[in-house]
Enquirer: 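The structure under discussion is supplied below as structure tokens; questions concerning it will follow.
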Amino acid sequence: KKLKAMIDKGVDFETFFKKCKLNPNAHLITGTICGYRIEHLESPLIKQARCMDKLVDELAKGRKRKIEFWYSIGSTYTYLSTQRLAQIETENEVVFEWCPFSVRSRMIEMENVPFMAEKKRDKIDYMWRDVQRRANFYGFNAKVPAPYPLKEFDLANKVAILGKDQGWIKEYTILTYKKWFLEHLEPGLEPNLSSTLKEIGLDSDSLIKQAQTDEIEQKYLKNTEMAKNKGIFGSPTFIVENEVFWGDDRCEDAIKWLSK
């Protein structure tokens, strides 16, 4: 009724947006609409109008509900999520946005000491058995222990950052984890990194060079800062609006929350 009343009064866009209560995440809308890339628009009013255009366009297409999937290649439990998200998307009509970041940086900030010290052997053994057990529950295998911690943690994740920009992040991450947990080929190390990129049809030499540029470094740092601001402290983490769901076993909880 309020919308119809404003239409009947012939209010302009500026008045319309001043009277509207916008979603606090509206500034996160990106993409192209009517030939314009939303994140590049400088005028706040035009940007708001194009965001509205984009939402209407996506609704007309029947866009699936989105869940943010924040992860670091190097996290053991993230293996479980990477191998099953495609099936979860199909079964629940949702889509996951893959967001790589540095969980190591977050752990250092929180003074969280990794538990791979020998004095924590019971916890280490439990982790490997738990990952294997849960993988079997889901219908796939995990040959443990896998090489850990990763020697080239940052490079493996910077390649994922580049993959998100170019549209092959899922294929890269899924295969990287498969090779890590089934063949014990460590992510980020050569020749495994090059062969992984080649297996998904990419130019490995060019992409590895791109992944080590300052541009990708800054995007990696920005993603990690975004993760911190969202309250993320571990991998994997699922975000539905402002709700944080940490751990592979909280994925279904995130879907339930999305369906509230």
Enquirer: May I ask you to decide if Ile124's main-chain N or O and Arg129's side chain share a donor-acceptor pair within less than 3.5 Å?
Expert: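 Flag not set: sc Arg129 to bb Ile124 has no pair under 3.5 Å.
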Enquirer: Hey, can you tell me if Phe101 and Trp70 have their rings parallel, tilted or perpendicular (30° and 60° cut-offs)?
Expert: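 Perpendicular: the ring planes of Phe101 and Trp70 meet at over 60°.
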Enquirer: Are the side chain of Glu89 and the backbone N or O of Phe96 linked by a donor-acceptor pair below 3.5 Å?
Expert: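 Yes, because the side chain of Glu89 sits within donor-acceptor range (under 3.5 Å) of the backbone of Phe96.
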Enquirer: Taking Ile88 as the starting point, is it possible to reach Ile239 by hopping between hydrophobic residues whose side chains are less than 4.5 Å apart?
Expert: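 They do share one cluster, since a chain of ILVMFWY contacts under 4.5 Å joins Ile239 to Ile88.
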Enquirer: If only atom types and distance count, is the side chain of Asn223 paired as donor or acceptor with the main-chain N or O of Pro100 below 3.5 Å?
Expert: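 At least one qualifying donor-acceptor pair exists.
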Enquirer: Flag the pair Arg104 and Asp154 as a salt bridge only when some basic side-chain nitrogen lies within less than 4.0 angstrom of an acidic carboxylate oxygen.
Expert: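 Not counted as a salt bridge, because no side-chain N and carboxylate O are separated by less than 4.0 Å.
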Enquirer: In terms of hydrophobic clusters joined by side-chain contacts under 4.5 Å, are Met226 and Tyr220 together?
Expert: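 The answer is yes; both residues are in one hydrophobic cluster.
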Enquirer: Do any N or O atoms from the side chain of Ser194 and from the backbone of Glu190 form a donor-acceptor pair under 3.5 angstrom?
Expert: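 Pair absent, no side-chain N/O of Ser194 close to backbone of Glu190.
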Enquirer: Distance-only, no hydrogens or angles: does the Thr237 side chain make a donor-acceptor pair with backbone N or O of Trp246 under 3.5 Å?
Expert: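 No; judged by distance alone, with no hydrogens or angles, the pair does not exist.
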Enquirer: Check whether any side-chain heavy atom of Phe69 lies under 4.5 Å from a side-chain heavy atom of Thr78, and answer yes or no.
Expert: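 The answer is yes, as the side chains (C-beta and beyond) meet within the 4.5 Å cut-off.
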Enquirer: Salt-bridge test for Lys230 and Glu68: reply yes if a basic N is under 4.0 Å from a carboxylate O, no otherwise.
Expert: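 Salt bridge flag = yes for Glu68 with Lys230.
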Enquirer: Check the pair Gln210 / Glu215 against side chain to side chain donor-acceptor pair (under 3.5 Å), numbers first and verdict last.
Expert: CA-CA 9 Å; Gln210 289 181 56; Glu215 178 184 1; over 6 Å; no
Enquirer: Donor-acceptor pair, Asn157 side chain versus Ser72 backbone, under 3.5 Å?
Expert: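 Judged by distance alone, no pair lies under 3.5 Å.
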Enquirer: Is the side chain of His184 donor-acceptor paired with the backbone N or O of Lys143 at a distance under 3.5 Å, no angle test?
Expert: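 Checking the backbone N and O of Lys143 against the side chain of His184, a donor-acceptor pair under 3.5 Å is found.
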Enquirer: Tell me whether the rings of Tyr71 and Trp98 are parallel (<30°), tilted (30 to 60°) or perpendicular (>60°).
Expert: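 Rings of Tyr71 and Trp98: perpendicular, over 60°.
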Enquirer: When you measure from the side chain of Glu186 to the backbone of Lys151, do you find a donor-acceptor pair of N or O atoms at a distance under 3.5 Å?
Expert: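 Answer holds: yes.
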Enquirer: If you measure from CD1 on Ile67 to CD on Glu241, what distance do you get to the nearest 0.5 Å?
Expert: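 Between atom CD1 of Ile67 and atom CD of Glu241 there are 11.0 Å.
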Enquirer: Looking only at heavy atoms, which two atoms of Ala254 and Val240 are closest? And how far apart?
Expert: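 Taking every non-hydrogen atom into account, O-CG2, 3.5 Å.
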Enquirer: Please confirm whether the ring centroid of Phe181 lies under 6.0 Å from the ring centroid of Tyr148.
Expert: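 Phe181 vs Tyr148: aromatic centres not under 6.0 Å.
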Enquirer: In terms of side-chain geometry, is the basic nitrogen of Lys158 or Glu217 positioned less than 4.0 Å from the acidic oxygen of its partner?
Expert: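 Here Lys158 pairs with Glu217 in a salt bridge, since their nearest N and O are under 4.0 Å apart.
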Enquirer: Taking the six-membered ring of Phe233 as reference, does the NZ or CZ atom of Arg106 fall below 6.0 Å from its centre and within a 45° cone about the axis?
Expert: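 No, Arg106 does not lie over the aromatic ring of Phe233.
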Enquirer: Evaluate Tyr77 against Asp249 for side chain to side chain donor-acceptor pair (under 3.5 Å), listing each step before the verdict.
Expert: CA-CA 9 Å; Tyr77 280 94; Asp249 58 348; over 6 Å; no
Enquirer: Over 60° means perpendicular and under 30° means parallel, so classify the ring planes of Tyr177 and Trp180, tilted if in between.
Expert: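 Trp180 vs Tyr177 ring planes: tilted.
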Enquirer: Does Lys178 have more than 12 heavy atoms from other residues, nucleotides or ligands lying within 6.0 Å of its NZ?
Expert: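 Atom NZ in Lys178 is not crowded, with 12 or fewer foreign heavy atoms closer than 6.0 Å.
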Enquirer: Evaluate the salt bridge (Lys or Arg N to Asp or Glu O under 4.0 Å) criterion for residues Asp248 and Arg84: first the C-alpha distance (whole Å), next the side-chain angles of each, then the deciding distance (0.1 Å), finally the verdict.
Expert: CA-CA 10 Å; Asp248 170 74; Arg84 68 192 193 97; 3.0 Å; yes
